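Before we start, here is the structure in question, set down as structure tokens.
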Amino acid sequence: MTAASHDIDPARIVVLIPTLNEADQIEKILREIIHGDPVASRCPVVVADGGSQDETCAIVAKMMGRYPNLQLVHNLGRTQAAAMNLLLQPEFDRFDIAIRCDAHAVYPAGYVSGLARCLTRKEVDSVVVPMDATASSGGCFQRGLVWVADSWLGAGGSPHRGGVASGYCNHGHHAAFQMSSFRLLNGYDADFKTNEDAEYDLRLIRQGGKIWLNADMRIGYFPRQSAGRLWKQYWNYGAGRAQTCLKHRIRPGVRQLIPAVHTVLVLLSLLALPVTRLPLVWLFIYGIVILCSGLRAAWIHRSVCGLSGTLALATMHLAWGLGFLSRLMKARQKANRHTMAKETL
């Protein structure tokens, strides 16, 4: 499923950036991606907007006068999966390589050129990159979250979250694609609002594809600025992982099982409290662990904002676990209704 050519022809490369209400970041992101990059400054850079209600589209339209290769299209499906699947349309058939960029990130110089070069030299189907959490503002919650997000408690040891070693892997933050492989797999599953990247990687590996994690091409990413937004994000992450497990009939990995089991233990502990105080042991141990993590962040960075890392960890773990369990329960209820409907026929 790989291409052997080492030539980098901008006419064969397309960059796609899904957006939705990114007025605060989009101009900076486009400058980082395009400016000074010998490939990104000449290949089509397509912003696929999912119906922004802010000034995102107006900003992009204005920048199109400065960058002739910049394009704006409307993503009626709104999701990132739908945006990337626009590349399956006939007008994109001439492209061999696709670069996916996101609007909540910081990109190094020469990002597009470097990815294209890595993809062709390694002769792989996909190149993924590590993400390093970085603060987009001076907000205390976001700063505390940044300091714990890529830790083992925050990311479970995921190699693309702060990882430093390059190598073959089964999943990572999507960056570059061989379009021949993307077309063969019919792109992302558009039914996925989240976890579409991991689901795609699973299908790619099963088809004999190869994924390379390039730790030399790192991006910074901006985590959420409030506990409420972080909760929604990780609920959706958990639900998306459950959707992948259900679709492919696979068991979650250890990293996914840990927050799910933790959530079950928390729920059982709360239910048992009226009967016995024993469940407080688990809640106490967990509380001490995440509090120590927050205190460590506060000490290292000499800032009380590190303590908000404790709240961030609790939010991520519980929201992910509840999202995961909720999606499983909905699937079981749907299966039960289907069985009952068949029995009444």
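Start at 1 with the first residue, then count along the sequence. Heavy-atom basis, side chains included; hydrogens, waters and symmetry copies ignored. Remember, it's a predicted structure, so these values are computed and weren't measured experimentally.
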Short question: side chain of Ser293, backbone of Val289 - any donor-acceptor pair under 3.5 Å? no
Counting only heavy atoms not in Arg251, do more than 12 sit closer than 6.0 Å to its CZ atom? no
Take Arg161 and Tyr221 through the test side-chain hydrogen bond (donor to acceptor under 3.5 Å, both in side chains) and record every step on the way to the result. CA-CA 10 Å; Arg161 295 285 297 273; Tyr221 76 98; 2.7 Å; yes
Before giving the answer on side-chain contact (heavy atoms from CB on, under 4.5 Å), spell out for Trp147 and His301 the whole-Å C-alpha distance, their side-chain angles and the decisive distance to 0.1 Å. CA-CA 9 Å; Trp147 296 333; His301 297 279; 3.3 Å; yes
In the single-linkage hydrophobic clustering (I, L, V, M, F, W, Y; side-chain heavy atoms under 4.5 Å), do Met316 and Val254 co-cluster? yes
Does Ala11 offer a backbone N or O that forms a donor-acceptor pair with the side chain of Asp9 under 3.5 Å? yes
Salt-bridge test for Arg203 and Glu196: reply yes if a basic N is under 4.0 Å from a carboxylate O, no otherwise. no
Does a sphere of radius 6.0 Å around CZ in Arg332 hold more than 12 heavy atoms from other residues, nucleotides or ligands, not counting ones at 6.0 Å or beyond? no
Is it true that Arg100 and Asp197 have a side-chain N and a carboxylate O under 4.0 angstrom from each other? no
Between Asp96 and Ser180, is any pair of side-chain heavy atoms under 4.5 Å apart? no
Give a yes or no on whether the backbone of Ile34 and the side-chain of Ser41 come within a donor-acceptor separation of less than 3.5 Å. no
Is it the case that the side chain of Gln71 and the backbone of Val45 share a donor-acceptor pair, with hydrogens and angles ignored and the cut-off at 3.5 Å? no
Compare all side-chain heavy atoms of Leu87 with those of Val14 and state whether any distance is below 4.5 angstrom. yes
Would you say Leu328 and Leu268 are hydrophobically clustered, going by side-chain heavy atoms of ILVMFWY under 4.5 Å? yes
Kindly write out the residues that satisfy ring-ring contact (aromatic ring centres under 6.0 Å, His included) with Phe177, not counting sequence neighbours, or none if the list is empty. His174, Phe182, Tyr200
So do the side chains of Glu32 and Val106 get within less than 4.5 Å of each other, counting heavy atoms only? yes
Tell me if a side-chain donor or acceptor on Asp54 pairs with a main-chain N or O of Ala23 at a distance below 3.5 Å. yes
Does the distance from a Lys or Arg side-chain N to an Asp or Glu carboxylate O, for Lys210 and Asp125, drop under 4.0 Å? no
When you measure from the side chain of Ser166 to the backbone N and O of Asn214, does any donor-acceptor pair fall under 3.5 Å? no
What are the two closest non-hydrogen atoms of Leu115 and Ala176, and how far apart are they? CB-CB, 4.1 Å
Separation between CD of Gln178 and CZ of Phe95, rounded to the nearest 0.5 Å: 14.5 Å
Check this for me: Lys62, atom NZ, are more than 12 non-hydrogen atoms of other residues, nucleotides or ligands nearer than 6.0 Å? no
Using side-chain heavy atoms (C-beta onward) and a distance below 4.5 Å, is Ile97 in contact with Met179? no
CG-CG distance between Leu311 and Leu291, expressed to the nearest 0.5 angstrom: 12.0 Å
Starting from the C-alpha separation in whole Å, work towards a yes-or-no answer on side-chain contact (heavy atoms from CB on, under 4.5 Å) for Cys101 and Val15. CA-CA 7 Å; Cys101 297; Val15 177; 4.0 Å; yes
Sub-4.5 Å side-chain heavy-atom contact between Val266 and Ser269: no
Using the six-membered ring of Trp231, assess whether NZ or CZ of Arg229 lies under 6.0 Å from its centre and within 45 degrees of the ring axis. no
Does the side chain of Tyr286 come under 3.5 Å of the side chain of His317 through a donor N or O and an acceptor N or O? yes
Is the number of heavy atoms from other residues, nucleotides or ligands under 6.0 Å of Lys247 NZ greater than 12? yes
What's the separation between atom CG in Leu246 and atom NZ in Lys330, rounded to the nearest 0.5 Å? 12.5 Å
How about Val146 and Pro223: do any of their side-chain heavy atoms sit closer than 4.5 Å? yes
Can a donor-acceptor pair be found, under 3.5 Å and without considering hydrogens, that links the side chain of Gln256 to the backbone of Gly253? yes
Is the CZ atom of Arg302 crowded by more than 12 outside heavy atoms at less than 6.0 Å? yes
Mind checking the CG-CG spacing from Asn170 to Leu213? Nearest 0.5 Å is all I need. 11.5 Å
Could you tell me if the side chain of Leu265 sits less than 4.5 Å from the side chain of Leu283, heavy atoms only? no
Criterion side-chain contact (heavy atoms from CB on, under 4.5 Å) on Arg121 and Trp212, from CA distance to verdict: CA-CA 11 Å; Arg121 287 180 177 175; Trp212 179 262; over 6 Å; no
Which of these passes side chain to side chain donor-acceptor pair (under 3.5 Å) with Glu199: Gln243, His248, His171, Arg241? His248
Can you confirm whether the side chains of Ser136 and Gln225 place a donor and an acceptor under 3.5 Å from each other? yes
So which heavy atom on Cys43 is nearest to which on Asn69, and how close? O-ND2, 2.7 Å
Check whether Thr56 reaches the backbone of Glu22 with its side chain - one donor and one acceptor, N or O, closer than 3.5 Å. yes
Can you confirm whether Glu55 is buried at CD, in the sense that more than 12 heavy atoms of other residues, nucleotides or ligands lie under 6.0 Å from that atom? no
Report yes if the side chains of Arg78 and Leu20 come closer than 4.5 Å at any heavy-atom pair, otherwise no. yes
Nearest heavy-atom pair of Gly294 and Thr310: which atoms, and what distance? CA-OG1, 3.4 Å
With Ile59, the side chain to side chain contact (heavy atoms under 4.5 Å, CB included) member among Asp24, Leu30, Ile26: Ile26
Minimum-distance pair of heavy atoms, taken over all atoms of Pro130 and Ala215: CG-CA, 3.6 Å
Short side-chain to backbone donor-acceptor contact, Arg12 and Arg94, under 3.5 Å: yes
What do the steps show when you test Val124 against Leu119 for side-chain contact (heavy atoms from CB on, under 4.5 Å), and what is the final call? CA-CA 6 Å; Val124 293; Leu119 186 71; 3.9 Å; yes
How close do Leu271 and Pro274 get, heavy atom to heavy atom, and via which atoms? O-CD, 3.2 Å
Here the gap from Asp132 atom CG to Ile219 atom CD1, rounded to the nearest 0.5 Å, amounts to 8.5 Å
For Glu91, is the CD atom crowded, meaning more than 12 foreign heavy atoms sit under 6.0 Å from it? yes
Show the nearest heavy-atom pair for residues Phe192 and Gly240, with the distance to one decimal. CE2-O, 3.8 Å
Separation between CH2 (Trp320) and OG1 (Thr263), nearest 0.5 Å, reads 8.5 Å
Only one of Asp102, Val46, Ile33 passes side chain to side chain contact (heavy atoms under 4.5 Å, CB included) with Ile17, and that residue is Ile33
Given 3.5 Å as the limit, does a donor-acceptor pair link the side chain of Thr134 with the main chain of Gly220, or not? no
Same apolar cluster (I L V M F W Y, side chains within < 4.5 Å links), Val129/Ile29: yes
With sequence neighbours excluded, residues passing salt bridge (Lys or Arg N to Asp or Glu O under 4.0 Å) with Asp37: none
